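Below: the structure, in structure tokens.
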Amino acid sequence: MKTIRTNKLVFLDIDGTLLCRDQTTNDPGLPKKISALSKKGFLFGLNSNRSLEDVLPIYEFFHLNGPLILENGVYFIHENKRTFLLSQRHRFTSRAIKTLLQTFTKQQTIPAQIIVGDSVDFLRSEKATQIPLLLLANKFRKFTGSIHPMRYGERDPKLGAQLYRFLCRYFKEAGIDVKVELSKASGNVIFYPKGASKGRAIKELRTFFPDVAIYMVGDDVSDLETQKQVDAFFAVGNAEPLVKKSADYVATEHYAKGVSEILDVLSTR
């Protein structure tokens, strides 16, 4: 098994950590800081609910150089090799997710438009602001689901709560072993196989980095699941209250500025 010579491995969450809710960074200088620390032996990876297609542009923009944990820990990529941590038996195709959402809108009599596509690209456009009620699902995910309930481009908490309750019932009645969550950070409804965990993925990856300090930077409860598997857990300033309370260090700054603040702390360790 090949190991990497490095001093520290830092895993970063994306939504609510590297990126603000509008999918932009509030610290354009962060990629340069990451590059400088990489030259000093740091590795930077992503630990995200997102799919590979969604994270690659972010990985490149921030000049990252470490492993990728994807779809809430269903699999990770290290040295261009994919390692699956769960059975690939349950896949969620775009057609299946669209049918699922059609069932929801029909049962609840909700006149929402359903779009299954590149959700990141769509949210950056003005199209979303023109739709009265929208259920936007990401088409790139293969083992998990991410659905954005929106009203004229803004998050719709009421619709999100309805969808969350529907999916919990649906998967239970169908006998599909899936966990459903309503994200407080981004307002979307996500579902993934039970047993998938950002923390479990880090535990498995530790075998490649036996003598390296591993850290996690995040903002929500799913990120907090990594705390037992890392040497220290850091929260950005906009993190959920429970995450802040449990973190080893909480940044005063929000989002990417908070990440930059945390990296300043880590560079002195």
Side-chain angles (χ1 to χ4, degrees), residues 1-19 25 27 30-85 140-141 143-144 192 196-220 222-236 239 247-249 251 255-256 258-267 269:
M1 181 182 295
K2 184 178 179 180
T3 58
I4 301 294
R5 289 185 179 182
T6 183
N7 299 322
K8 299 179 177 74
L9 169 55
V10 183
F11 280 105
L12 303 167
D13 173 53
I14 297 177
D15 296 291
T17 303
L18 280 176
L19 298 182
T25 176
D27 186 359
L30 182 56
K32 185 176 180 180
K33 179 174 288 189
I34 288 174
S35 293
L37 288 174
S38 296
K39 293 176 182 178
K40 296 181 179 180
F42 277 67
L43 277 181
F44 293 93
L46 291 176
N47 195 345
S48 175
N49 282 315
R50 294 197 188 197
S51 68
L52 176 61
E53 291 84 352
D54 286 331
V55 306
L56 284 179
I58 298 166
Y59 189 90
E60 294 172 1
F61 175 83
F62 285 101
H63 301 168
L64 307 184
N65 59 349
L68 291 166
I69 296 173
L70 301 163
E71 298 207 41
N72 208 58
V74 171
Y75 68 99
F76 64 78
I77 298 177
H78 174 56
E79 296 183 336
N80 297 319
K81 180 182 178 181
R82 298 191 189 200
T83 300
F84 286 87
L85 305 180
F140 296 122
R141 292 168 179 257
F143 308 97
T144 61
Y192 55 88
S197 164
K198 292 182 176 182
R200 179 185 175 185
I202 288 181
K203 183 179 180 180
E204 296 292 334
L205 269 165
R206 268 195 176 276
T207 59
F208 296 94
F209 306 94
D211 302 314
V212 175
I214 299 180
Y215 305 101
M216 178 70 194
V217 184
D219 71 295
D220 66 21
S222 65
D223 301 322
L224 196 57
E225 294 173 357
T226 67
Q227 191 167 27
K228 292 182 180 179
Q229 308 301 335
V230 296
D231 293 274
F233 180 90
F234 297 83
V236 287
D248 298 293
Y249 177 90
Y255 303 107
V259 174
S260 182
E261 177 186 333
I262 289 165
L263 294 186
D264 288 340
V265 173
L266 281 176
S267 65
R269 291 194 173 192

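Being a predicted model, the structure only gives us computed values, none of them experimental. Sequence positions, counted from 1, serve as the residue numbers for this chain.
Between Phe11 and Val230 there is no side-chain heavy-atom pair separated by less than 4.5 Å. The side-chain heavy atoms of Leu30 and Val259, taken from C-beta on, include a pair separated by under 4.5 Å. Put simply, the side chain of Asn49 does not reach to within 4.5 Å of the side chain of Glu71, judged on heavy atoms. Between Lys33 and Asp264 the shortest side-chain heavy-atom distance falls below 4.5 Å. In this structure, Leu37 and Ile34 have side chains that are not in contact, with every pair of non-hydrogen atoms separated by 4.5 Å or more. With a 4.5 Å cut-off on side-chain heavy atoms, Phe42 and Val10 count as touching. For the pair Leu19/Phe62, a side-chain contact is recorded, criterion being any heavy-atom separation below 4.5 Å from C-beta on. Leu266 is listed as a side-chain neighbour of Ile262, based on a closest heavy-atom distance under 4.5 Å.
Side chains of Asp219 and Thr17: a donor on one and an acceptor on the other come within 3.5 Å. With no hydrogens or angles considered, no side-chain donor-acceptor pair links Thr25 and Asp27 at under 3.5 Å. A donor and an acceptor atom, one from each side chain of Ser51 and Asp54, are located under 3.5 Å apart. Using a 3.5 Å distance cut-off with no hydrogens or angles, the side chains of Lys198 and Thr226 do not pair a donor with an acceptor. Inspection of the Tyr75 and Glu204 side chains reveals no N or O donor paired with an N or O acceptor under 3.5 Å.
Across all non-hydrogen atoms, the minimal contact from Ser38 to Asn65 is OG-ND2, 3.4 Å. Residues Ala247 and Gln227 approach most closely at CA-NE2, 4.2 Å, considering heavy atoms. Nearest heavy-atom pair across Gly16 and Tyr255 is O-CD2, 3.5 Å. Listed here is the closest heavy atom pair of Gly258 and Ala251: O-CB, 3.7 Å.
For Lys203, the NZ atom is loosely surrounded, since the number of other residues' heavy atoms within 6.0 Å does not exceed 12.
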- Message: As a quick check of understanding, evaluate salt bridge (Lys or Arg N to Asp or Glu O under 4.0 Å) for Asp231 and Lys8, giving each step before the final call.
- Response: CA-CA 10 Å; Asp231 293 274; Lys8 299 179 177 74; over 6 Å; no
- Worked check of ring pair (Phe, Tyr, Trp, His ring centres under 6.0 Å) between Tyr59 and Phe61: CA-CA 6 Å; Tyr59 189 90; Phe61 175 83; over 10 Å; no
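The line from CZ of Arg200 to CD1 of Ile69 is 12.0 Å long, rounded to the nearest 0.5 Å. Taking CD from Glu53 and CZ from Arg141, the interatomic distance works out to 11.0 Å, rounded to the nearest 0.5 Å. The line from CD1 of Ile14 to CG of Leu12 is 9.0 Å long, rounded to the nearest 0.5 Å. With values rounded to the nearest 0.5 angstrom, Ile202 atom CD1 is found 5.0 Å from Asn47 atom CG.
A search for ring pair (Phe, Tyr, Trp, His ring centres under 6.0 Å) contacts involving Tyr215 returns Phe234, not counting sequence neighbours.
Between Phe143 and Phe84, the ring centre distance stays below 6.0 Å.
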